[in-house]
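Reviewing the structure listed below.
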4 protein chains.
Amino acid sequence: MNPASKRLRDRLREATRAAILDAAQAEFSAHGFSSGRMEEIARRAGVSVGTLYNYYEDRGALLEALLERHRELLLSRVDDALAKTARDGFEGRLRAFVGTVVEHFRENRALVAVAIEEELAGGRRNPKKVHTLRELSVRAEALIAQGVKENALRRDDASMFPTYLVGILRSVAVRVLHSDERIESDAATAAILRFFFQGAGKRP
Amino acid sequence: MNPASKRLRDRLREATRAAILDAAQAEFSAHGFSSGRMEEIARRAGVSVGTLYNYYEDRGALLEALLERHRELLLSRVDDALAKTARDGFEGRLRAFVGTVVEHFRENRALVAVAIEEELAGGRRNPKKVHTLRELSVRAEALIAQGVKENALRRDDASMFPTYLVGILRSVAVRVLHSDERIESDAATAAILRFFFQGAGKRP
Amino acid sequence: MNPASKRLRDRLREATRAAILDAAQAEFSAHGFSSGRMEEIARRAGVSVGTLYNYYEDRGALLEALLERHRELLLSRVDDALAKTARDGFEGRLRAFVGTVVEHFRENRALVAVAIEEELAGGRRNPKKVHTLRELSVRAEALIAQGVKENALRRDDASMFPTYLVGILRSVAVRVLHSDERIESDAATAAILRFFFQGAGKRP
Amino acid sequence: MNPASKRLRDRLREATRAAILDAAQAEFSAHGFSSGRMEEIARRAGVSVGTLYNYYEDRGALLEALLERHRELLLSRVDDALAKTARDGFEGRLRAFVGTVVEHFRENRALVAVAIEEELAGGRRNPKKVHTLRELSVRAEALIAQGVKENALRRDDASMFPTYLVGILRSVAVRVLHSDERIESDAATAAILRFFFQGAGKRP
DNA sequence: CATGAATGAGATTTCATTCAT
DNA sequence: GATGAATGAAATCTCATTCAT
């Protein structure tokens, strides 16, 4: 085959693959992972069921790919934000981190729910699997280590701070998920930062 | 029928009902909600599948009942703890609240995961449904209102504190769920309280 | 449950199981193993597809059971014939053996074809599996060992005689399978015996 | 188009056709006829699936061609052997016949199994089809007719001798197929001939 | 002609639910 | 009320075949 038509075919393949992932995202977001149907995904993607299986081994692999795409999107945004603020002090970087995550959750409400659902179920099947939240925790840990080093954070309890932080982020996401509240990202971010640094207590 | 045998029969019914819920809890904890099977629940309960349907309308109703039992157990513990400390100051009551929740999560790891999974899915189907976490948030809200009134908490952002608090609790629970760490309830509770009041920042 | 209705239920179960095997036999005989369809088997048995799976793990297990029933039928007939002639000389016992096998093949033409087909495929998958023809060979070997001991058979080449004998039997069966000839069992048996003892050559 | 490039193209076509048949032989030998897959055949042949369909109408035609090639190979060998011994006596010709068949079976174990499998299935679909074993029987019949004419064979039962002979040959082949025994062609041939002429019985 | 992505009919299998005993 | 065999709708997955490039 000549190189031109090979490249064309490759582009078409990538387009189809993306269409399938988009369709899977729509279907699983609408019905959850356990209820999303392959036939419906095919219909949404404008392909036949067989085609789904040309691109993904089986239903599980499709979900896997979907979550991975989502995970990579989130993490690349987070990593970008961290890279851009690489020279900043801890507070600025934390603000960038929290802001990015909150914004991402706001934009991807439904898929976040699927990810959480599947990561719970996946945890039962295969506890070793990469979890988005776990990856997020890794970033949070590094960040918090910087905060400790800068003397911006308490040293005691520091090992739990990433867990607290991710919990707060997730909780905010879920609150948004189940309510009709439209979250305002910047305000939400600022409030989270205040809470993280000062807690809920009054200054003495 | 005489009242005595009526009472006996009622007791038997209740025993069966409880056995079924226990079996459902074991099955769903082991396989997750979407994969738990009715036949297996019957086997675990020592009854036939038909009997499940004599006690519960369908699979959904059984799960509903299971989650409700779980929710009521948690909430009654929490409410007990709050009632016992009704006359105490905010900090003491918050300590009782957090301690109770942490201890409950520690004891019911697997079921908590199922509850979260189903509440996510349920949220898609019927957004009005009572959620354990939401009910917990209601308690947290009342408690925090007390804290605000006592001037123990900042007034600004106070509407988000329940969300943050519940997020932290859940995150600690999940961390325990997926790691092999054995959590030590009292220490965990103390650290959470420190974080809640003072945040992660250094005192100036 | 009371014992009477338990026994009744057991009888019904056995009847259903037999009906399913009969239906599978009909379907696989008509279309061969690889083309026989589960739905059609269910239809022939007068049950639903689901019921097939209540009795047999999967398609393969159903075929397995069918072949086993067939194998046991043949072997029990053969063993009966051998037992009844236990005190007879070699020739009489061989006559009984050959006669029984020829008669069985005549009666079960189509199923024999399925058995042969599956035993070939099964040999690829799992070379350890019991084969009807192999079991038959075991009987033939024992019989021929008796013949050798009685000085009725040549000692040299004796290790191949069972193979030759079973080959002849099978070949006769297949000839019958593919032709419209109606075989006459007794004559066929007598001819096989003559050939087995004297070969095709003229007496000098 | 000039004749030279036409011939070249024809040679290429034939090479591709042979590569496809070789690939089909490998695939069907490995997985049996009913499980061999077109895509895998294409991969083994180093062509695309589409190309398979340029050379053969469909899957059935490809198998047909494969079996025919195999049949022709066997029969041409047999016919060669018979032609070379055209002037010899019956025993020599029979020896040539048996020796050729045994050697061929030894060399083509897996394919012989496929042929048997398909001929059984084919027999169900289209009882008129040419069968390798039947063709072999035809040669055996002619040969045996010569033997009868030469007074080397008994006249009674002679109509069954071809069936017996082919059965013996096949049985020896299958024995080799399923065991790890390496057969020694000449010894095997000699033993078969002894059995065919004299049977298993002791000379009086 | 060759290619290989797309097709979709068709098969297997699962399992919540029903209902005769 | 309890039982558990039967049901059958629904879902997943396979793979021979087609056809635009």
Side-chain angles (χ1 to χ4, degrees), chain A residues 1-2 4-6 8-10 12-13 15-17 20 34-42 45-60 62, chain B residues 9 12-13 16 34-43 46-60 62, chain C residues 1-2 4-6 8-10 12-13 15-17 20 34-42 45-60 62, chain D residues 9 12-13 16 34-43 46-60 62:
Chain A
M1 199 191 314
N2 72 52
S5 67
K6 184 171 186 315
L8 174 62
R9 191 168 276 188
D10 283 356
L12 286 175
R13 262 194 86 82
T16 304
R17 187 177 285 272
I20 290 174
S34 57
S35 302
R37 289 168 49 237
M38 295 300 275
E39 192 175 338
E40 184 61 13
I41 293 172
V47 301
S48 68
V49 252
T51 297
L52 300 184
Y53 288 89
N54 286 339
Y55 285 82
Y56 298 97
E57 178 78 13
D58 58 19
R59 196 173 176 280
L62 174 52
Chain B
R9 183 166 293 183
L12 283 175
R13 270 194 79 82
T16 304
S34 58
S35 302
R37 290 168 51 237
M38 295 297 276
E39 189 174 338
E40 185 61 13
I41 292 172
R43 200 195 54 72
V47 301
S48 69
V49 267
T51 297
L52 299 185
Y53 288 86
N54 287 336
Y55 285 81
Y56 298 96
E57 176 74 13
D58 59 19
R59 192 174 179 281
L62 173 53
Chain C
M1 199 192 314
N2 72 54
S5 67
K6 185 172 186 314
L8 174 62
R9 191 168 274 189
D10 282 357
L12 286 175
R13 263 194 87 81
T16 304
R17 188 176 284 272
I20 290 174
S34 56
S35 303
R37 287 168 49 238
M38 296 299 276
E39 190 174 339
E40 185 60 15
I41 292 173
V47 301
S48 68
V49 254
T51 297
L52 301 184
Y53 289 87
N54 287 339
Y55 285 82
Y56 298 97
E57 178 78 13
D58 58 19
R59 196 171 176 282
L62 174 53
Chain D
R9 183 166 293 183
L12 283 174
R13 270 195 78 82
T16 304
S34 58
S35 302
R37 292 167 49 237
M38 295 297 277
E39 190 175 337
E40 185 60 13
I41 292 171
R43 199 194 56 71
V47 300
S48 69
V49 268
T51 298
L52 299 185
Y53 288 86
N54 287 335
Y55 286 81
Y56 298 97
E57 176 75 16
D58 58 20
R59 192 175 180 278
L62 173 52

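Order of the sequence lines sets the chain letters (A, B, ...), proteins ahead of strands, with each chain counted from 1.
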query: For dA5(E), does OP1 or OP2 lie under 4.0 Å from any side-chain N or O of T16(A)?
result: no
field: Given dT17(F), dT3(E), dC15(E), the nucleotide with the shortest approach to the side chain of R37(B)
entry: dC15(E)
CG on N54(A) to CZ on R17(A), rounded to 0.5 Å: 10.5 Å
task: Report the distance from atom CD1 of I20(A) to atom CD1 of I41(A), rounding to the nearest 0.5 Å.
output: 9.5 Å
- prompt: Rounded to the nearest 0.5 Å, how far does CD of E39(D) lie from OG of S48(D)?
  reply: 10.5 Å
With the criterion being N/O to N/O and under 3.5 Å, what pairs connect the protein with nucleotides 19-21 of chain F, and how long is each?
none

- prompt: Please give, in whole Å, the distance from dA11(F) C1' to L62(A) CG?
  reply: 15 Å
- prompt: Would you say a side-chain N or O of S48(C) is under 4.0 Å from OP1 or OP2 of dT7(F)?
  reply: yes
- line: In whole angstroms, the gap separating C1' of dT13(E) from CD of E57(C) amounts to 10 Å
query: Taking for each residue the nucleotide of DNA chain E with the nearest heavy atom, is it D58(C) or G46(A) whose nucleotide lies nearer the 5' end?
result: G46(A)
- prompt: Could you state the CD-P distance from E40(D) to dC15(F), rounded to the nearest angstrom?
  reply: 11 Å
task: Grab the CG-C1' distance between L52(C) and dA11(E) for me, whole Å please.
output: 13 Å
query: Where is the tightest heavy-atom contact between M38(B) and Y53(B), given as atom of each residue plus distance?
result: CE-OH, 3.6 Å
field: Any strand: nucleotide that pairs with dA20(F) via Watson-Crick or wobble, under 3.5 Å
entry: dT3(E)
Paired nucleotide for dA9(E) [Watson-Crick or G-U wobble; both distances under 3.5 Å]: dT14(F)
d(CE, M38(C); P, dA11(E)) in whole Å: 12 Å
message: Need to verify one output field. Residue with the more 5' nearest nucleotide on DNA chain E, E39(B) or R13(D)?
response: R13(D)
field: Rounded interatomic separation in angstrom, taking CZ from R59(A) and P from dT14(F)
entry: 14 Å
task: Answer with base, sugar-phosphate or nothing: what part of the nucleic acid does Y55(D) contact at a heavy-atom distance below 4.0 Å?
output: sugar-phosphate
Pair partner, dA9(F) [Watson-Crick or wobble, under 3.5 Å]: dT14(E)
query: Quick one: I41(B) CD1 to dG4(F) P, roughly how many Å, whole number?
result: 17 Å
message: I want to check something: taking the side chain as every heavy atom from C-beta on, are Y56(D) and L52(D) in contact at a cut-off of under 4.5 Å?
response: no
query: Can you find an N or O donor on one side and an acceptor on the other, under 3.5 Å apart, linking the side chain of N54(C) with the base of dA6(F)?
result: yes
Upstream residue (5' side of DNA chain F) when V47(C) and T51(A) are each assigned their closest nucleotide: V47(C)
